[in-house]
Student: 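The structure is given below, and queries will be raised subsequently.
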Amino acid sequence: MSIRDQTAAELERRAALLPDELAEWKALTSQNVGGLGIHTSQIEAITDFFEARIELHDEMVQELAEAADDDELAYIRSDLESELGGAYGLMAVFRHILAQRRDTDRYRDELNAADLVAADCYRPCIGSAVNWNVLKQGQFRVPPLTFLNARSSPQALTRGRTFKSFGFDLEGAEKQLPLPFSFVSLRYHDTSSLWSYCTIHHEVGHLLDQDLGLADELGQLLAADPGPGIDPSRSVQWGLWLKESIADAFGVLLGGAGFVYTLADMLLLPASEVAEMPPDDHPPPYLRISLLGALLRRTLIPGVDAIATEIEANWQRIYGDPPPLQAPYLGDCPAMAKLLISTHLVRLRNHRLRDFQPGLNQDHQAATGLAHHLLGEGSAPDAVTFPMRLVPAAARLAVRGVDEQYASGYAGIHERALAFVDAIPHDEVMAPGGLKAEQKKYLRDLARSARFATPKR
């Protein structure tokens, strides 16, 4: 056998590993092994993404077999190894995320619950956008994939981000490639307390903002005419906080009071940090609590005004009067809440963010009812009609009712909440098959948009 034949045969074997691995993941999801069936659409998107890379590898293997001389053979071989390295580097990201559901039973049920909550936040909102003719049927249909990360806070990774966001040891071209769909990162220790999944409501809000272009229009409105109740001298700063404020608005709409309690827990920081005006895109903690209260009141749900007042009063008890730098902005919060939740947007065909969840009163009643059960004080609501996204919110409302024996009380809430998630009917194979032609083209074009080999000639 010639060196050319040997080299082509060797690289063909190496290139076959990726399609074999993808086929294995596809088989696991189609057979719903370990509950992986709920990831059918995501595995399909991953497979479509890599098929374009696999075609490139196959083309280069053929080029090896047809190389004019040993020098060209060496160049093609080197380029193909670089392309394989880049592709397997990207696959390592997906393998790491998917393997969190396979390596151990410790996180499997909790991650499945996170995926189902994220999907129940994302898919109905996208469905509304399709019904309003904001999006075409099938656009952005793949729900976000959740994973666990050793970070200090949860994070949304939108399609506008790149593989660099995962923090893996990838090389330049791989790091800069945009993500094929969106992800939500949770902290490992969030899996011990299902009520902490209320952060998913906020993170999905970022994904919806990015998919629907909401910040652009709201930002223009804020800059052009902030409206009564928002001091124009502060509208520029509010614009810098706008994306996080939109995500908080979705958090309130999708998770209600349970979301606000959860975020208030996360904002319990040293007084020196609460008093700062940090130069980042999040409203500072004291002001953010006021904005959350205003958003909750803006839902007009009976009884939530008292909850907002309770949270604000507890905050003031801990931290005292508003920090001087933040105090002027507190008066803007009711008007900002109105802008965020109640503005009819051209981008949404004259709908409001509030229209994504028209049944807010029923949501609050459902979450309150489930909270009693999670405390062990009554029978479970009908799981058949219960929204998956409200289980973390109900769990946080239940936590509020624990006033002694905290360890056992919290453990009971978590276990009952996880069991209730499992009782809610959902597709074993969630969003099965059939990516639209435009989605397939997007994934293929994205996959072929980067070359990982460094030009040598």
Side-chain angles (χ1 to χ4, degrees), residues 110 113-126 128 143-144 146 153-156 184-187 190-191 193-209 244-267 288-289 291-308 310-311 337 340-341 353-371 373-374 381 386-401 413-414 417-418 420-421 424:
E110 283 79 0
D115 287 319
L116 292 169
V117 169
D120 195 43
C121 289
Y122 182 77
R123 292 171 70 196
C125 291
I126 290 297
S128 294
T146 67
S153 62
Q155 184 182 28
V184 172
S185 164
L186 299 173
R187 303 167 297 183
D190 286 333
T191 60
S193 307
L194 197 127
W195 49 92
S196 65
Y197 286 14
C198 286
T199 59
I200 294 173
H201 304 131
H202 171 96
E203 303 307 339
V204 168
H206 280 301
L207 309 185
L208 294 168
D209 174 22
E244 292 297 332
S245 300
I246 291 172
D248 280 348
F250 272 111
V252 170
L253 293 172
L254 294 168
F259 165 76
V260 179
Y261 276 119
T262 299
L263 201 54
D265 294 341
M266 294 182 65
L267 293 173
R288 197 170 180 188
I289 291 292
L291 178 61
L292 288 167
L295 288 166
L296 195 56
R297 292 185 179 96
R298 190 68 200 175
T299 64
L300 306 179
I301 301 170
V304 297
D305 181 79
I307 293 175
E310 173 201 333
I311 293 171
L340 292 166
I341 287 182
L353 264 63
R354 195 190 194 287
D355 295 336
F356 282 110
Q357 294 299 334
L360 294 176
N361 291 352
Q362 295 91 326
D363 282 357
H364 182 65
Q365 293 169 10
T368 302
L370 177 58
H373 167 68
L374 298 181
F386 200 93
M388 189 77 72
R389 62 183 167 79
L390 292 181
V391 179
R396 181 56 186 87
L397 295 180
V399 165
R400 181 185 176 210
I413 291 171
H414 175 77
L418 200 58
F420 193 77
V421 165
I424 296 175

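Source: prediction; values computed, not measured. In what follows, residues are counted from 1 in the order of the sequence shown.
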Student: Would you check if I424 and V391 make a side-chain contact, meaning some heavy-atom pair closer than 4.5 Å?
Tutor: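 In contact.
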
Student: What class does the angle between the rings of H414 and W195 fall in, given that below 30° is parallel, 30 to 60° is tilted and above 60° is perpendicular?
Tutor: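 Ring orientation, 0 to 90° scale: perpendicular.
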
Student: Would you say that E203 contacts P144 through its side chain, given a criterion of any heavy-atom pair below 4.5 Å between the two side chains?
Tutor: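 No, too far: nothing below the 4.5 Å cut-off.
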
Student: Nearest 0.5 Å, please: how far is OG1 in T146 from OH in Y197?
Tutor: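 Here the interatomic distance stands at 7.0 Å.
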
Student: Could you go through residues 360-367 and list every donor-acceptor pair under 3.5 Å that involves a side-chain atom there, pairing it with any protein atom two or more places apart or in another chain?
Tutor:
| from | atom 1 | to | atom 2 | distance (Å) |
| --- | --- | --- | --- | --- |
| D363 | OD1 | R389 | NH2 | 3.4 |
| D363 | OD2 | R389 | NH1 | 3.2 |
| D363 | OD2 | R389 | NH2 | 2.9 |

Student: Which atom pair, heavy atoms only, marks the closest approach of P381 to H373?
Tutor: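 Shortest heavy-atom contact: CD-CB, 4.3 Å.
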
Student: Mind checking whether I200 and P392 have side chains closer than 4.5 Å, heavy atoms only?
Tutor: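 SC-SC contact between I200 and P392 ruled out.
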
Student: Supply the atom-to-atom distance D120 CG to D115 CG, rounded to the nearest 0.5 angstrom.
Tutor: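 So the CG of D120 and the CG of D115 are separated by 12.5 Å.
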
Student: Taking all non-hydrogen atoms of both residues into account, name the closest pair between L353 and A249 and its distance.
Tutor: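 So the two residues come closest at CD2-CB, 4.3 Å.
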
Student: Which heavy atom of A113 sits nearest a heavy atom of V421, and at what distance?
Tutor: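 Distance-wise, the nearest heavy atoms are CB-CG1, 3.9 Å.
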
Student: Give, for atom CZ of R396 and atom OG1 of T262, the distance between the pair rounded to the nearest 0.5 Å.
Tutor: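 Rounded to the nearest 0.5 Å, the CZ-OG1 separation comes to 5.5 Å.
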
Student: For the residue pair F259 and L254, establish whether any side-chain heavy-atom pair is separated by less than 4.5 Å.
Tutor: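 No, every pair of side-chain atoms sits at 4.5 Å or beyond.
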
Student: Please report the closest heavy-atom contact between R187 and P154, naming both atoms and the distance.
Tutor: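 Of all heavy-atom pairs spanning R187 and P154, the closest is NE-CD, 4.0 Å.
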
Student: So, does T299 use its side chain to make a donor-acceptor pair with the main chain of L295 at under 3.5 Å?
Tutor: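 It does not hold such a pair.
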
Student: Apply side-chain contact (heavy atoms from CB on, under 4.5 Å) to residues I311 and L292 and explain how you reach the verdict.
Tutor: CA-CA 10 Å; I311 293 171; L292 288 167; over 6 Å; no

Student: Hey, mind stepping through V399 and I413 against side-chain contact (heavy atoms from CB on, under 4.5 Å) and telling me if it holds?
Tutor: CA-CA 7 Å; V399 165; I413 291 171; 4.0 Å; yes

Student: Could you note down all residue pairs passing side chain to side chain donor-acceptor pair (under 3.5 Å) where residues 248-259 supplies at least one of them, sequence neighbours left out?
Tutor: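 Pairs touching residues 248-259 that pass the test: H202-D248, D248-R288.
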
Student: Is it the case that the side chain of H201 and the backbone of C198 share a donor-acceptor pair, with hydrogens and angles ignored and the cut-off at 3.5 Å?
Tutor: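 Yes; judged by distance alone, with no hydrogens or angles, the pair exists.
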
Student: Nearest 0.5 Å, please: how far is CG in D190 from OG in S153?
Tutor: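 Between S153 OG and D190 CG, I get 9.5 Å after rounding to 0.5 Å.
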
Student: Does the side chain of L207 come within less than 4.5 Å of V184's, by heavy atoms?
Tutor: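 Answer yes - side chains close enough.
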
Student: Evaluate E110 against L418 for side-chain contact (heavy atoms from CB on, under 4.5 Å), listing each step before the verdict.
Tutor: CA-CA 7 Å; E110 283 79 0; L418 200 58; 3.6 Å; yes

Student: Just to verify, what does F250 make a ring-ring contact (aromatic ring centres under 6.0 Å, His included) with, not counting sequence neighbours?
Tutor: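 Here the qualifying residues are F356.
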
Student: Within this structure, what is the CD1-SG distance for the pair I126 and C121, rounded to the nearest 0.5 Å?
Tutor: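 Taking CD1 in I126 and SG in C121, the distance rounds to 12.0 Å.
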
Student: Distance-only, no hydrogens or angles: does the D305 side chain make a donor-acceptor pair with backbone N or O of R297 under 3.5 Å?
Tutor: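 Answer holds: no.
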
Student: Has the side chain of Y261 got a donor or acceptor atom that lies under 3.5 Å from a matching backbone atom of I307?
Tutor: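 Not confirmed, Y261 side chain does not pair with I307 backbone.
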
Student: Step by step, work out the side-chain contact (heavy atoms from CB on, under 4.5 Å) result for C125 and Q357.
Tutor: CA-CA 8 Å; C125 291; Q357 294 299 334; 4.2 Å; yes

Student: For the atom pair CG (L296) and CG (L253), what is the distance rounded to the nearest 0.5 Å?
Tutor: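 It comes to 10.0 Å.
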
Student: What are the two closest non-hydrogen atoms of P143 and A119, and how far apart are they?
Tutor: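 Scanning both residues completely, I find the closest heavy atoms to be CB-CB, 4.0 Å.
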
